[in-house]
Amino acid sequence: MTPGPADRECLVCRTVAPPRETATVRCNVRRYRDQRFGLWRCPHCQSLHTEKFVDLSAYYEGYPIRRQGLDYLLRVFFRGLAKRLAHAGFTRGERLLDYGCNTGLFVDYLRGRGFNAAVGYDPYVDAFKRPELLKEKYDVVFSSDVLEHDDDPRGHFARLVGLLSPGGLLAVQTPNAEGIDLSRPEEHLHQIHVPYHRHILSLNSLVALGGDHGLYPIRVYNRWYMDSFWPGCSRRFLESWLKTQGNWIDAAYEPPRYGLFFKHPVLLWLFFFGGFPSSPKTDHVMVLFRKNPGTAIPN
């Protein structure tokens with residue numbers, strides 16, 4: 001069948017069909033406040049895709065997330081991540097690669113706790129752009145909020161699998177398209193994060209992609225790692241804090257404006273109790289896969 005003018009090809013499940021739904025969403029970085037981007041949802045696997053790719057190298061200049069240091073918030077969140085990996089069997093003697101490590105803060109955290117075989121790779125950060133690391137094998141490959149940035153999600157996933165030792169652990173953390181309501185984009189603005197996020201996979205398509213590569217899921221976490229019971233670390237507090245400042249992601253990496261607690265008293269309550277109960281949102285997911293020894297990687 002010849003594709004029609006409304007058809008789109010999903011680069012996750014390869015379906016060619018008209019989108020299930022579309023939306024236009026603003027960029028959540030203040031520097032690009034006037035830019036809006038189209039999204040569409042695959043009718044088969046429910047994954048989300050941007051309509052138009054841009055040169056991300058320019059958008060990464062002055063990227064707000066790169067301003068963050070290993071502060072109180074990140075230590076709380078990284079502690080939770082390390083526990084998830086430990087529950088899956090990660091030990092101090094094993095080799096871990098943080099693929100897409102940004103400025104290497106998670107690697108720093110792990111090394112500070114005795115996980116001295118942890119290393120990081122990031123093609124967009126000069127200090128971590130070390131291609132020789134991609135020629136080795138690892139007991140654990142960790143990828144947090146990276147898959148959705150790649151033009152080729154299937155190829156990216158295959159690269160992660162190719163870095164695993166037999167029986168290795170792959171931990172992929174990424175937005176979950178199934179939990180994103182395109183009719184309410186402002187509620188999921190930081191998961192959509194256009195134009196940085198090219199393809200947002202659904203949980204089902206992510207698990208299926210693992211199966212295509214001989215991986216089986218051993219644990220699925222639907223609660224975002226940036227949602228904790230510790231004071232000031234709940235998702236409800238953090239999202240409310242950003243909304244009082246235009247819902248720009250920049251506000252998360254700027255000096256705190258303490259006057260907002262007086263202007264918006266609910267923020268003080270959320271600061272201490274925002275993690276109770278846990279957030280009902282399911283627009284972010286972490287899947288831990290285990291590789292079967294001797295499994296061949298498909299072409």
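What you are looking at is a predicted structure, and each value in this text was computed from that prediction instead of being measured.
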Please walk me through it: do Phe271 and Phe261 pass side-chain contact (heavy atoms from CB on, under 4.5 Å)?
-> CA-CA 9 Å; Phe271 182 89; Phe261 287 108; 4.2 Å; yes
Modelled atom types, side-chain donor and acceptor of Asn102 and Arg66, under 3.5 Å = yes
Is any side-chain heavy atom of Arg26 less than 4.5 Å from a side-chain heavy atom of Gln35?
-> no
Pair Arg159 + Asp152: basic N to acidic O under 4.0 Å | no
Closest non-hydrogen atom pair, Leu238 against Phe77 = CD1-CZ, 3.8 Å
Does Arg235 count as lying over the ring of Trp230, i.e. NZ or CZ under 6.0 Å from the six-ring centre, within 45 degrees of the axis?
-> no
Could you tell me which residues satisfy side-chain hydrogen bond (donor to acceptor under 3.5 Å, both in side chains) with Arg20, sequence neighbours excluded, listed by chain and number?
-> Gln46
Search all heavy atoms of Val141 against all heavy atoms of Tyr138 and return the closest pair with its distance.
-> CG2-CB, 4.2 Å
Any donor-acceptor N or O pair under 3.5 Å, side chains Ser183, Asp181 = yes
Could you grab the distance from atom CD of Glu136 to atom OG of Ser165, nearest 0.5 Å is fine?
-> 10.0 Å
Are Leu169 and Leu96 side-chain neighbours, meaning at least one heavy-atom pair lies under 4.5 Å?
-> no
Give a yes or no on whether a salt bridge exists between Asp212 and Arg154, defined as a side-chain N under 4.0 angstrom from a carboxylate O.
-> yes
Centroid-centroid under 6.0 Å between Phe142 and Tyr99 rings | no
Asp122 and Gly100 have their tightest heavy-atom pair at OD2-C, 3.3 Å
Side-chain contact, heavy-atom cut-off 4.5 Å: Trp40 with Pro18?
-> no
Intermediate values then yes/no, ring pair (Phe, Tyr, Trp, His ring centres under 6.0 Å), Phe115 and Tyr109 = CA-CA 9 Å; Phe115 294 89; Tyr109 177 87; 8.7 Å; no
Following the transitive rule for hydrophobic clusters with a side-chain heavy-atom cut-off under 4.5 Å over Ile, Leu, Val, Met, Phe, Trp and Tyr, establish whether Phe289 and Leu81 coincide in one cluster.
-> no
Look up atom CZ in Arg33 and atom CG in Asp250, then write down how far apart they are to the nearest 0.5 Å.
-> 9.0 Å
Within a reach of under 6.0 Å around CZ of Arg113, are more than 12 heavy atoms found that belong to other residues, nucleotides or ligands?
-> yes
Mind checking whether Tyr72 and Pro231 have side chains closer than 4.5 Å, heavy atoms only?
-> yes
Do side-chain atoms of Arg236 reach the backbone of Ser240 as a donor and acceptor pair under 3.5 angstrom?
-> no
Which distance, rounded to the nearest 0.5 Å, do you find between the NE2 of His49 and the NE2 of His197?
-> 14.5 Å
Tell me, with the steps shown, if Lys263 and Arg257 meet side-chain contact (heavy atoms from CB on, under 4.5 Å).
-> CA-CA 11 Å; Lys263 188 175 181 181; Arg257 298 168 54 190; 5.9 Å; no
List, by chain and then residue number, the residues other than Val125 in its hydrophobic cluster (Ile/Leu/Val/Met/Phe/Trp/Tyr, side-chain heavy atoms under 4.5 Å); write none if there are no others.
-> Phe128
Let me see the working for His199 and His149 under side-chain contact (heavy atoms from CB on, under 4.5 Å), right down to the final yes or no.
-> CA-CA 7 Å; His199 307 278; His149 291 251; over 6 Å; no
Geometric cation-pi criterion, Arg130 with Tyr121: 6.0 Å, 45° | no
Which atom pair, heavy atoms only, marks the closest approach of Leu201 to Ser47?
-> CA-OG, 3.4 Å
Heavy-atom closest pair (Leu242 atom, Ala251 atom, distance to 0.1 Å) is CD2-CB, 3.7 Å
Which residues share a side-chain hydrogen bond (donor to acceptor under 3.5 Å, both in side chains) with Asp98, sequence neighbours left out | none
Val266, Tyr258: one ILVMFWY side-chain cluster at the under-4.5 Å cut-off?
-> yes
Go through the steps to decide whether Tyr225 and Ser144 satisfy the test side-chain contact (heavy atoms from CB on, under 4.5 Å), and finish with yes or no.
-> CA-CA 10 Å; Tyr225 81 102; Ser144 178; 4.2 Å; yes
Between the main-chain N or O of Arg223 and the side-chain N or O of Lys281, is there a donor-acceptor pair closer than 3.5 Å?
-> no
Using 4.0 Å as the upper bound for N to carboxylate O, is an ion pair formed by Lys243 and Glu186?
-> no
Check: Asn28/His193 side-chain N/O donor and acceptor closer than 3.5 Å | yes
Who passes side chain to side chain contact (heavy atoms under 4.5 Å, CB included) against Asp71, sequence neighbours left out?
-> Gln68, Leu73, Leu74
With the side chain counted from C-beta on, respond yes when Val119 and Arg111 share a heavy-atom pair under 4.5 Å apart, and no when they do not.
-> yes
Which heavy-atom pair separates Gly62 from Arg67 by the least distance, and what is that distance?
-> O-NH2, 3.9 Å
Do the side chains of Tyr221 and Val287 get nearer than 4.5 Å, heavy atoms only?
-> no
If you group Ile, Leu, Val, Met, Phe, Trp and Tyr whenever their side-chain heavy atoms sit less than 4.5 Å apart, what else falls in with Val29?
-> Val25, Tyr32, Phe37, Leu39, Leu48, Val54, Leu56, Tyr59, Tyr60, Tyr63, Ile65, Tyr124, Ile180, Leu182, Leu189, Ile192, Val194, Tyr196, Ile200, Ile249, Tyr253
Report whether Val172 and Val107 are members of the same hydrophobic cluster (ILVMFWY, side-chain heavy atoms less than 4.5 Å apart, transitive linking).
-> no
Within-4.5 Å side-chain heavy-atom neighbours: Pro175 and Asp283 = no
Quick one: do Leu215 and Val146 end up in the same hydrophobic cluster if we chain Ile, Leu, Val, Met, Phe, Trp and Tyr together by side-chain heavy atoms under 4.5 Å apart?
-> yes
Would you call Asp139 and Phe90 a side-chain contact if the rule is heavy atoms closer than 4.5 Å?
-> no
Output for pair (Tyr216 OH, Arg290 CZ), nearest 0.5 Å, gives 6.5 Å
Distance, nearest 0.5 Å, that separates OG of Ser202 from CG of Leu209 = 10.0 Å
Which residues pass the salt bridge (charged side-chain N to carboxylate O under 4.0 Å, His left out) test with Asp151, sequence neighbours left out?
-> Arg198
From the list Asp145, Thr174, Asn176, Asn222, side-chain hydrogen bond (donor to acceptor under 3.5 Å, both in side chains) partner of His284 resolves to Asp145
Pair Glu178 + Arg41, salt bridge at N-O below 4.0 Å | no
Between Phe273 and Trp269, how do the two ring planes meet: parallel, tilted or perpendicular, split at 30° and 60°?
-> tilted
Should Leu110 and Leu163 be counted in the same cluster of Ile, Leu, Val, Met, Phe, Trp and Tyr side chains packed under 4.5 Å apart?
-> no
Atom CG in Leu85, atom CZ in Arg219: separation rounded to 0.5 Å?
-> 12.0 Å
Pair Asp108 + Arg75, salt bridge at N-O below 4.0 Å = no
